[in-house]
Amino acid sequence: MTRYAVGIDYGTQSGRAVLVSLENGNEIADHVVEYPHGVMDQTLPNKNIKLGHEWALQHPADYVDVIRQAVPAVLKTSGINPEDVAGLGIDFTASTMLPIDAEGVPLCWKDEYKNNPHSWVKLWKHHAAQPYANEINELAEKRNERFLQRYGGKLSSEWMLAKIYETLAEAPDIYENADLFAEAADWVILQLTGSFLRNSCTAGYKACWHKQDGYPSQNFFKDIDPRLEDIIETKLRGEVVPLGTKAGGLTEEMAAITGLPEGLAVAVGNVDAHASVPALGVVEEGKMVMTMGTSICHMVLGKKEEEMEVEGMCGVVEDGIIPGYYGYEAGQSAAGDIFGWYVDHAAPQYVFQEAQERGTNVHALLEERAAKLAPGESGLLALDWWNGNRSVLVDTELSGMMLGFTLSTKPEEVYRALLEGAAFGTRMIIDAFDHNGVPVNELYACGGLPQKNPLLMQIYADVTNRVIKIADSVQTPALGAAMFGAVAAGAEAGGYNSIYEAAEKMGKIKKEYYTPVPENVKMYEKIYQEYSRLYNYFGRGENDVMRRLKQWR
Ligand SMILES: Nc1ncnc2c1ncn2[C@@H]1O[C@H](COP(=O)(O)OP(=O)(O)O)[C@@H](O)[C@H]1O
Ligand SMILES: O=C(CO)[C@H](O)[C@H](O)COP(=O)(O)O
């Protein structure tokens, strides 16, 4: 008898449920629900209350809507018997967080708080907490706090501590009246099961929790603000558990809403990018998974014995991706967005015209022409910093650059140089890991870009001199979430006893690989040396022209 699991992937604009077979990971049915309130970056649902610059909020009811609509829809489409579903797991954007009361009710649902923006869900890309992140970073650096090195030397404004401190500073009553600050991932699990547990992935990568050391010290929090002194025992309390842990069984109410059996095993939450790793079958060291879309997340597992320090990584967390390993994460803050920028704002009209005449899109046309060029033929070289540099320089003040233009430079040459620049940026990240005790032997890719742009993937293989394997699932994070749901169920209940077993059966990659072409590798090695020189020159303080130009804007 075939058994199934449900994975729910909570993205930025929408959530989707996917029903997968536990035999082989095949996606039987999926259903997407756009969040009715989307991303609130102008006003609260009460339209009279305007939001500040860099705010990005969400409505927690939208997350419940996804459960209410998408789960029954996949059961109906598939026609399976709900009793054959063994487990359920979710993945979420992070750090997407909210204040809740002692009963788990979001403060934004209460009349007395709903008009205060700080009572709502702060979405991962809410960047208004930057001044508070800066303050935390300065203090941590001054105090020589060890935890800072685990986050590439800087905490992000997107993360939990900056967002909580922002609430304390700007809305002390919300801070006071919050029983807990919760990751939305953990809050949704609370809705499904009635139990509140913090998953080690979001706690580790986004809230500075460490398996041995716990959170930063009480003393450190007190130094930020005396009112934060007891935060670890109060508003950050909650057991932190590894991924795949069973959070509990589906409640009677949720069983009625979804059509799934009451008591169904539900796994603790997970981060979207991280959930993809086992979905590609990756549960061991040496294999870097790249989630490639508007931006790129790079994840790699390191030895169980030793936590390594790698320049500019976003974080290292024990059990943070696959239990039993240190999980390392790094990132490029733009990739697809840079190619999209060129098409939208810089490609000439005649390219659009030709694309239209040929019934193709501009990306595809530029890719086709760029594929005819050899490495180095354009004479162009780009620094891929259109949205700053996340890894390894951790500097949002840096900006994009291209050199080598002549009067005969063509649009496809510029497009190819942008693809190459992104690949060099990834090579820099790989080298940082590889040279610091976290080997990267093979690359795995998922997300939209590997499906959209084969030339980009070949360039990545050539620039990094590594084989690249591509996900064979459209909903990679949801598949990963479903796999952790199966692990929460355990073999006795028809699931799996470990994520290793689940990955072996359900992880999926395409048969065709991208393999480096030796002569391209040779040429790109030379160009990469030039890229590295420019990278250091503009990125490490020798010439701060990018920073100055930004200041003068
Ligand atoms: N053919 C293409 N080649 C390269 N980039 C593309 C192409 N088509 C779209 N893009 C870029 O891909 C990005 C979207 O990637 P996708 O993985 O679908 O989204 P997301 O990151 O939001 O999940 C956009 O930034 C867009 O500019
Ligand atoms: O924080 C992250 C990974 O650590 C993600 O960048 C964030 O969750 C949003 O991801 P996406 O836009 O791909 O859904």
Side-chain angles (χ1 to χ4, degrees), residues 292-296 332-387 389 398-428 445 448-465 468 514-535 537-538 545-546 549:
M292 303 177 74
T294 54
S295 63
I296 304 185
Q332 281 170 280
S333 34
D337 267 357
I338 304 179
F339 319 140
W341 164 83
Y342 181 68
V343 167
D344 294 344
H345 301 291
Q349 185 55 34
Y350 70 83
V351 174
F352 280 83
Q353 228 159 0
E354 185 178 339
Q356 202 179 18
E357 278 160 24
R358 289 180 44 191
T360 183
N361 76 48
V362 176
H363 280 286
L365 180 69
L366 289 170
E367 183 196 353
E368 181 194 308
R369 288 193 178 162
K372 295 188 179 128
L373 301 166
E377 193 178 331
S378 71
L380 297 173
L381 179 54
L383 286 175
D384 50 311
W385 300 342
W386 264 245
N387 190 22
N389 177 295
L398 297 174
S399 49
M401 197 207 63
M402 189 176 292
L403 65 73
F405 288 102
T406 71
L407 290 175
S408 53
T409 297
K410 300 277 185 315
E412 59 270 25
E413 292 176 326
V414 176
Y415 191 76
R416 184 171 177 126
L418 293 174
L419 305 184
E420 290 169 344
F424 291 135
T426 284
R427 165 81 188 268
M428 194 60 85
L449 290 184
Q451 318 293 334
K452 291 177 179 138
N453 197 318
L455 173 64
L456 176 73
M457 301 319 295
Q458 186 57 51
I459 291 174
Y460 262 67
D462 293 339
V463 165
T464 61
N465 194 16
I468 308 183
Y514 286 91
T515 310
V517 176
E519 61 264 35
N520 293 354
V521 171
K522 237 174 160 176
M523 189 61 215
Y524 277 136
E525 186 57 41
K526 286 196 222 167
I527 306 176
Y528 177 64
Q529 296 311 321
E530 299 299 339
Y531 174 89
S532 306
R533 263 192 233 175
L534 285 180
Y535 193 96
Y537 180 68
F538 287 109
V545 57
M546 290 173 180
L549 288 172

**Q** Mind checking whether M292 and Y460 have side chains closer than 4.5 Å, heavy atoms only?
**A** yes
**Q** N453 versus F339: any side-chain heavy-atom pair under 4.5 Å?
**A** no
**Q** Could you measure the distance from the NZ atom of K526 to the CD atom of E530? Nearest 0.5 Å is fine.
**A** 10.5 Å
**Q** Any non-hydrogen side-chain atom of D462 less than 4.5 Å from a side-chain atom of Y514?
**A** no
**Q** Counting C-beta onward and ignoring hydrogens, is there a side-chain heavy-atom pair between L383 and L398 closer than 4.5 Å?
**A** no
**Q** Check the pair M401 / M546 against side chain to side chain contact (heavy atoms under 4.5 Å, CB included), numbers first and verdict last.
**A** CA-CA 9 Å; M401 197 207 63; M546 290 173 180; 4.0 Å; yes
**Q** Is there a donor-acceptor contact under 3.5 Å from the side chain of T409 to the main chain of T406?
**A** yes
**Q** Considering non-hydrogen atoms only, spot the tightest contact between I468 and A461 and give its length.
**A** CD1-N, 3.5 Å
**Q** If you look at every heavy atom in A445 and M457, which pair is closest and at what distance?
**A** CB-CE, 3.7 Å
**Q** Below 4.5 Å, heavy atoms only, C-beta onward: do L365 and F352 meet side chain to side chain?
**A** no
**Q** Side chain to side chain donor-acceptor pair (under 3.5 Å): which pairs involve residues 339-350, sequence neighbours left out?
**A** none
**Q** Going by the side chain to side chain contact (heavy atoms under 4.5 Å, CB included) test, name the single residue among L455, L449, V463 that passes it with L419.
**A** L455
**Q** Is any side-chain heavy atom of R416 less than 4.5 Å from a side-chain heavy atom of E377?
**A** no
**Q** Under a 3.5 Å cutoff, is there a donor and acceptor pairing between the side chains of E525 and Q529?
**A** yes
**Q** Just by modelled atom types, is the S333 backbone N or O under 3.5 Å from a matching donor or acceptor in the N387 side chain?
**A** yes
**Q** Stepwise, does the side chain to side chain contact (heavy atoms under 4.5 Å, CB included) test hold for L403 with L534?
**A** CA-CA 10 Å; L403 65 73; L534 285 180; 3.9 Å; yes
**Q** Identify the two heavy atoms, one from A370 and one from E412, that lie closest to each other, and give their separation to 0.1 Å.
**A** CB-O, 3.6 Å
**Q** Could you walk me through whether F424 and Y535 pass the side chain to side chain contact (heavy atoms under 4.5 Å, CB included) test, one step at a time?
**A** CA-CA 10 Å; F424 291 135; Y535 193 96; over 6 Å; no
**Q** Listed by chain and number, what are the side chain to side chain donor-acceptor pair (under 3.5 Å) partners of Y531, not counting sequence neighbours?
**A** D384
**Q** Kindly compute the distance separating OH (Y524) from CG (N465), expressed to the nearest 0.5 Å.
**A** 13.0 Å
**Q** Between T360 and E368, is there a side-chain heavy-atom distance shorter than 4.5 Å?
**A** no
**Q** Judged by atom type as modelled, is there a donor-acceptor pair below 3.5 Å linking the side chain of E413 to the main-chain atoms of L380?
**A** no
**Q** Please tell me if the side chains of E420 and I527 come closer than 4.5 Å, counting only heavy atoms from C-beta onward.
**A** no
**Q** How many angstroms lie between CD in Q458 and OG1 in T515, if you round to the nearest 0.5 Å?
**A** 7.5 Å
